[in-house]
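See below for the structure under consideration.
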Amino acid sequence: MIALHLSPGFSPGPFKTITHESFIFKGGEPHIKLKLTADVDPADPVLITQRVANSADFMLVLLATDALRRADFQRVSLLMPYFPAARQDRPMVEGEPLSVRVYADLINAQHYDRVTVFDPHSDVTPALLNHVQVVTNQAFITQVLTGFDRETVTLIAPDAGAAKKIHKLAQELGGLPVVLGEKVRDVRTGALTGFQVFADDLGGRHCLIVDDICDGGGTFIGLAAELRKLNPASVSLAVSHGIFSKGLAPLTDMLDHVYTTDSFATLTPAHAFTQTELNTLLQL
Ligand SMILES: O=P(O)(O)OC[C@H]1O[C@H](OP(=O)(O)OP(=O)(O)O)[C@H](O)[C@@H]1O
């Protein structure tokens, strides 16, 4: 396997790499030039890896794929751990697109041998992608739990979407107790208007909120406030994809610790914050 790593600072796997130059033209178009050396054989399979934080990152994947095909590479796979618009898996209100399908159709049109995604928001992403491989959050949460006495940990699912996945995870982790939460979101504005935790007392428990994505963090700040009313020993957060669009400080002010991976971006080290390299969690 040869790798073509498109995201600076993200180079999972033990593979020989194809180097490249990429830039954005003044007109706004991303561009790429592969540096194809004599020791790279187009008969070898290639893995493109990319962290997608904007449309140009996504477009670069399509351009890189075309460049590889034109250089006669036939066996091309993709590792896109954070799949764009996985959250827009249903039009919430009239007039919105089914965005995840738009991205999935573009990926399917590239005819990859395999498309690997990490902890997708819902079942819709893998249902739409051809030749998909899903890496769950099990290895990530297992790693997070090494910092805890498991007997004292309660997993918290912040909403209905997370609840669908957390029971299976809890079983895989040896039968950890689970508490469910709920939030109310105004789908027209995106604003969060209420939180609920379905438990009476969490005295002595180390609560670990587990979810796929932290964006602004309002879900977790609101939920942590509700959990604190139930006397827990601690409240921490483990999210597979750390966007942290409003910064880490509002989260680390409210939570004992925040854990994430580098699936979306590599962040500056901070107090009460641990970022695990996806490279250590994937079987590549
Ligand atoms: O950091 P925040 O800005 O609070 O956003 C994070 C939340 O958003 C996503 O759920 P979403 O509300 O989209 O879930 P849904 O699919 O259940 O509506 C995600 O699964 C988190 O729960």
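Counting starts at 1 for both ligands and their atoms, in listed order.
Around ligand 1 you find Arg87, Arg90, His121, Asp159, Lys183, Arg185, Asp211, Asp212, Ile213, Cys214, Asp215, Gly216, Gly217, Gly218, Thr219, Phe220, each with a heavy-atom distance below 4.0 Å.
To the nearest 0.5 Å, atom CD1 of residue Ile18 and atom CG of residue Leu4 are 5.5 Å apart. Rounding to the nearest 0.5 angstrom, the gap separating the CG atom in Asp200 from the CG atom in Leu230 is 8.0 Å.
Between His31 and Phe25, the angle of the ring planes lies from 30° to 60°, which puts this pair in the tilted group.
The ring of His5 has its center no closer than 6.0 angstrom to the ring center of Phe15.
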Side-chain donor/acceptor pairs under 3.5 Å, residues 63-84, sequence neighbours excluded:
from, atom 1, to, atom 2, distance (Å)
Thr65, OG1, Val61, O, 2.7
Thr65, OG1, Tyr112, OH, 2.6
Asp66, OD2, Arg70, NE, 2.5
Arg69, NH1, Gln74, O, 3.0
Arg69, NH2, Gln110, O, 2.7
Arg69, NH2, His111, O, 3.1
Ser77, OG, Arg114, N, 3.3

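Checking Lys183 against Thr219 by side-chain atom types alone, a donor-acceptor pair falls below 3.5 Å.
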